[in-house]
Protein chains: 2
Amino acid sequence: MESRPVSIKDVADRAGVAVGTVSNVLNHPARVSSATRERVQAAIDHLGFVRNDAARQLRAGQSRTIGLIVLDVGNPFFSSLARAAEDCAAENGSTVVLGDSGQDTEREARYIDVFEQQRVQGMLISPVGDVGPRVEALRKRGMPVVLVDRVDAQRRCSSVSVDDVAGGYMAVRHLLEAGRRRIVFVGTKASFRQVDDRLAGARQAVGEQEGAVLEVVEADAMTVLAGRDVGGVIARRPAGRLPDGIFCANDLLAIGVMQAVLLIRGLRIPEDLALIGYDDIDFSASAVVPLSSVRKPTELMGRTAVELLLEEIEGPSSRRRQVIFDPELVERGSTTAAVRAAG
Amino acid sequence: MESRPVSIKDVADRAGVAVGTVSNVLNHPARVSSATRERVQAAIDHLGFVRNDAARQLRAGQSRTIGLIVLDVGNPFFSSLARAAEDCAAENGSTVVLGDSGQDTEREARYIDVFEQQRVQGMLISPVGDVGPRVEALRKRGMPVVLVDRVDAQRRCSSVSVDDVAGGYMAVRHLLEAGRRRIVFVGTKASFRQVDDRLAGARQAVGEQEGAVLEVVEADAMTVLAGRDVGGVIARRPAGRLPDGIFCANDLLAIGVMQAVLLIRGLRIPEDLALIGYDDIDFSASAVVPLSSVRKPTELMGRTAVELLLEEIEGPSSRRRQVIFDPELVERGSTTAAVRAAG
DNA sequence: CCGTGCCGTTGAATCGTTTCATTAGCACGT
DNA sequence: ACGTGCTAATGAAACGATTCAACGGCACGG
C-alpha cells in the first residue's frame with residue numbers, strides 16, 4: 001500500500017508524453033498545446049503528483065527560499081518583523097523559513113549551516129554575538145546576508161536597524177512639549193548599548209530645553225517588579241522633589257512605576273506625573289492608564305530587510321547599505337490627558 | 001571573482017582522490033585512512049566546501065527536516081512550543097522549520113505545499129480551520145502529520161492537545177478549596193469551543209460542591225478592556241450580591257477585572273475576592289496582585305508532538321494516538337494570601 | 001612463488017527535474 | 001513535388017551527492 005513517491009516520469013507515462021513535456025506543462029504552459037496540457041494535468045491530479053523541490057533546486061542551483069534567524073520568536077518585535085518579511089517575500093515569489101536562535105550562539109551557527117546547505121537565496125540574521133567572521137565566510141562563498149536590528153561596524157553587509165538615540169530624544173521631547181521640566185530617566189546600571197543610546201537621546205533633548213533637568217535613576221533589572229521598586233522610592237519623595245515626567249528604558253519598567261505611583265501615593269497620571277516607556281509591548285495599551293511609548297517600525301524593517309536582500313541577490317555588485325529607521329512615538333493617556341479616554 | 005559554488009568534485013580533484021572517497025570522509029570517516037582523511041579535510045577547508053542539501057536529499061529520498069505550522073508565532077504558547085519541538089528534534093538529528101499561518105487558510109495551504117515539495121520528514125500542524133481533506137491527501141501520499149492543539153475527530157492522525165474541561169475544573173476547584181462559594185465565570189457570548197469547555201469544567205466543579213453557586217457573566221470580548229467593564233459592573237453591586245471568587249476564561253479578562261475591582265471599590269484580593277485566569281500569559285505574574293492561572297504544558301506538548309511524529313516516521317504501521325494533557329494550576333497571590341509576597 | 005583475505009579506494013549508476021538541441025508533423029507558397 | 005517556416009513534442013545531458021560492486025595492493029601462510 002505504501003507506494004513509492006510519484007515522479008514526473010510516472011505522470012509522463014500515464015499521460016503518454018515525454019518527461020520534458022510534463023516539465024513544460026508545469027513551467028511553461030504556453031509552450032504546450034491545450035489538449036496535451038489537459039491530459040497531463042489530469043494525470044497529475046489523478047496520481048497526486050507533487051514536485052520534488054530537491055531535484056528542482058539541484059538543477060536550478062538555487063532555491064526560492066530566504067532564511068531568517070531571530071533571537072527569540074516569542075518576542076513580538078521579531079514575530080511581527082517575521083510576518084512582514086514573509087509577506088514581502090511572498091510578493092516576490094520567495095518563501096521565508098524561520099529559525100529561532102534563542103540567543104544561543106550554537107543554535108545560531110546550526111541554523112546558518114542548515115540554511116547554507118539548503119542553498120537559500122540569502123539570509124536575514126539578527127545576530128547573537130559577533131557574527132563578523134561567520135558572515136565574512138558566507139559572503140566569500142557568495143551568500144547574500146542582511147543584518148537585522150544591528151549595524152555592521154565594518155560595513156561588510158547591509159543592515160536594517162533603529163536609531164535608539166532618536167527614540168530617547170523623541171520620548172523626552174514629548175514630555176518637554178507637555179510642559180514637564182523635572183524629568184527622570186529610569187534605566188539599569190549594567191546597561192546594554194540600546195539603553196545607553198536611549199539615555200543619550202534623553203540627555204540631548206533636555207540639554208536643548210532651557211530650565212529642564214534630567215535625573216537618572218537606576219533599576220535592578222528591566223522588569224515590572226524592578227519598576228515597582230523604583231516607583232515606590234520616587235512616590236515616597238517629598239512633594240518638592242517629585243519629578244513631573246518619567247521616561248523608562250522599557251515598557252515593563254514603566255508599568256511597574258505606574259503601579260507603584262498610583263497605589264502608593266495616588267498621584268494622577270498624567271496630570272501630576274507624565275509617564276512614557278519604550279518598545280510599545282502589547283500590554284501597554286491595556287494598562288490602567290494606557291501607556292505612551294516609542295516603537296520600532298517593525299513591519300517596515302521586515303519589508304526593508306527583504307528588499308535589501310533581494311537587491312543584493314539581483315545585483316551583487318551594488319554596494320552595501322546601512323538603513324537606520326527612526327522609531328515612532330505612540331501617544332496614549334499616560335502623557336496626554338486629551339487622549340486618556342481613547343486608550 | 002564570483003566563482004561558481006564548490007562541489008564535491010572540486011574537493012576530490014584538489015585532494016587527488018575520487019569523489020566517492022570525499023563522500024566517505026563526510027559520511028563514513030572510519031572507512032577512510034587517516035592520511036587521506038586529513039588531505040581531504042584540508043581541501044574542504046581550503047575551498048570552503050559546503051554540502052549541497054538538495055543533491056543529498058534527492059539521492060536519499062528524504063530530508064532531516066520537520067515542518068511546523070503554527071497559528072501565530074507571536075503567541076507565547078506557540079513560540080515556546082516551537083522552541084521545545086526544536087530541541088526535541090535536534091536531539092534526534094532533525095531540524096524544525098517554522099511556518100506562520102497567521103490564522104490564514106491560504107498561508108497555511110502555501111506552507112503545506114512548500115513543505116511537501118521540500119519532502120520534509122513530516123509535519124506538525126496547528127490547523128486554522130478544517131484541514132481534514134488536506135491532511136487526508138497528505139497521508140495518502142505517505143506524509144506523516146501530527147495535529148497540535150486540536151484533536152482529529154475522525155482519528156485519521158495523531159494529535160497533541162489539552163483538556164480544557166479539566167482546566168476549568170481545576171480553576172474552580174481551586175477557588176472552592178480556598179473556601180469560596182459564590183463563584184462567577186466570566187466568558188463571552190459568541191464562544192469558542194475552548195471557552196465552552198472551560199465553563200463545562202467550572203460547572204462540574206461547582207456541582208460537586210454542596211452550597212456552591214455558579215453565575216455566568218458575559219463579556220464583549222476576551223480583552224483587558226472588556227474585563228474592566230465586567231469588573232466595573234460587578235464591583236458596583238451591593239455587598240450582599242458580591243461574588244467571593246471569579247474565574248475568567250482568559251488572563252486578559254482577569255487582569256481587566258482586577259484593575260476595575262481594585263480601583264473602583266478597593267476590594268482586597270484575595271481576601272474579599274479570589275481571582276483566577278487562564279493561559280498564564282507573561283504579564284500575569286507582574287500584575288499588581290500576581291494572577292493565579294491555568295497553563296498548558298507547552299514544552300511537554302512540543303516534545304510529545306515531535307515524538308509522535310518520529311514514531312510514525314519510523315513505523316508507519318503503528319496506530320494513531322490522541323494524546324490529551326491536563327493543564328497545570330499556577331497559584332499566585334490573587335487566590336492564595338500565603339503566596340502573595342512571593343509573586 | 002602463489003593463493004587468500006583484507007583494507008582502502010575507485011568510478012559508474014542513481015535520484016527527479018529542467019533545459020535545449022533536435023526531430024516530427026503540418027500548412028503554405030512556389 | 002519540394003523547400004520553408006512554424007509549432008509541438010522528444011529525449012538525452014546536466015545538476016551534486018551517495019552508494020556499492022569491483023578492483024588494486026599488501027601482508028601473510030603454505
Side-chain angles (χ1 to χ4, degrees), chain A residues 3-41 43-44 47-65 113-114 116-121 141-142, chain B residues 3-41 43-44 47-65 113-114 116-121 141-142:
Chain A
S3 54
R4 61 167 190 69
V6 179
S7 82
I8 211 175
K9 177 80 168 34
D10 303 317
V11 175
D13 288 350
R14 176 161 230 276
V17 298
V19 290
T21 304
V22 177
S23 175
N24 280 331
V25 170
L26 294 170
N27 303 296
H28 310 277
R31 289 189 197 161
V32 182
S33 74
S34 59
T36 316
R37 204 185 312 143
E38 277 163 31
R39 225 168 56 252
V40 170
Q41 192 58 55
I44 288 176
L47 296 173
F49 166 73
V50 175
R51 275 234 259 302
N52 184 325
D53 207 45
R56 191 178 161 71
Q57 213 184 109
L58 173 59
R59 179 61 228 231
Q62 220 210 19
S63 70
R64 297 296 304 171
T65 298
D113 288 343
V114 169
E116 195 179 7
Q117 291 179 16
Q118 291 182 350
R119 299 288 191 272
V120 296
Q121 296 180 277
R141 293 183 222 118
Chain B
S3 54
R4 63 169 189 69
V6 180
S7 83
I8 209 173
K9 177 81 169 34
D10 303 318
V11 175
D13 288 350
R14 177 161 229 276
V17 298
V19 290
T21 304
V22 178
S23 175
N24 280 331
V25 169
L26 295 170
N27 303 296
H28 309 278
R31 289 188 198 161
V32 182
S33 73
S34 60
T36 317
R37 203 186 312 142
E38 278 164 29
R39 225 168 54 252
V40 170
Q41 192 57 54
I44 288 175
L47 297 172
F49 166 73
V50 175
R51 275 233 264 296
N52 184 326
D53 208 46
R56 193 178 160 70
Q57 212 183 114
L58 173 58
R59 181 61 231 242
Q62 219 209 22
S63 70
R64 297 296 304 171
T65 298
D113 287 343
V114 169
E116 196 180 6
Q117 291 180 15
Q118 290 181 352
R119 298 290 192 272
V120 295
Q121 296 180 276
R141 292 182 221 116

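Chain naming here is simple, since letters A, B, ... match the order of the sequence lines and numbering starts at 1 in each. In what follows, every heavy atom counts, from backbone to side chain, and hydrogens, waters and symmetry copies are set aside.
The side-chain contact (heavy atoms from CB on, under 4.5 Å) search around A:D10 returns A:R4, A:V6, A:S7, A:L47, not counting sequence neighbours. When the side-chain hydrogen bond (donor to acceptor under 3.5 Å, both in side chains) test is applied to B:T36, the partners found at least two apart in sequence or on another chain are B:S33. Residues satisfying the side-chain contact (heavy atoms from CB on, under 4.5 Å) criterion with A:R64, sequence neighbours excluded, are A:S94, A:Q121. Applying the side-chain contact (heavy atoms from CB on, under 4.5 Å) criterion to A:V50, with sequence neighbours excluded, gives B:E116, B:Q117, B:R119, B:R141. Applying the side-chain hydrogen bond (donor to acceptor under 3.5 Å, both in side chains) rule to A:Q62 yields no partners; only residues at least two apart in sequence or on another chain are considered.
Reading DNA chain C from its 5' end, the first and the last nucleotide to sit under 4.0 Å from a heavy atom of chain A are C:dG16 to C:dT19.
Residues from residues 22-36 of chain B lying near DNA chain D, meaning a heavy-atom separation below 4.0 Å, are B:S23, B:N27, B:H28 in numerical order. Within residues 53-63 of chain A, the residues having any heavy atom under 4.0 Å from DNA chain C are, by residue number, A:A55, A:R56, A:R59.
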Scan the side chains in residues 17-24 of chain B for donor-acceptor partners under 3.5 Å anywhere in the protein, sequence neighbours excluded, and list what turns up.
| residue | atom | partner | partner atom | Å |
| --- | --- | --- | --- | --- |
| B:S23 | OG | B:N27 | ND2 | 3.3 |
| B:N24 | ND2 | B:G20 | O | 3.4 |

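When heavy atoms are screened at a 4.0 angstrom cut-off, B:T21 is found touching base atoms of the nucleic acid.
Note: CD1 (A:I8) to P (D:dT10) measures 13 Å, nearest angstrom. Taking atom CZ of A:R141 as the reference point, atom P of D:dG16 lies 16 Å away to the nearest angstrom.
Rounded to the nearest 0.5 angstrom, B:T65 OG1 and A:Q118 CD are separated by 5.5 Å.
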Go through the steps to decide whether A:N52 and B:L58 satisfy the test side-chain contact (heavy atoms from CB on, under 4.5 Å), and finish with yes or no.
CA-CA 8 Å; A:N52 184 325; B:L58 173 58; 4.2 Å; yes
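Taking five base pairs at each end of the helix from C:dC1-D:dG30 to C:dT30-D:dA1, the local helix axes there meet at an angle of 70°, rounded to 10°.
Listed by first and then second residue, the salt bridge (Lys or Arg N to Asp or Glu O under 4.0 Å) pairs involving residues 19-41 of chain A amount to none (not counting sequence neighbours).
Between A:F49 and A:L26 the shortest heavy-atom distance is CE2-CD1, 3.8 Å.
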Contact letters for nucleotides 21-26 of chain D, in which S counts primed atoms plus P, OP1 and OP2 and B counts the base, heavy atoms under 4.0 Å
------
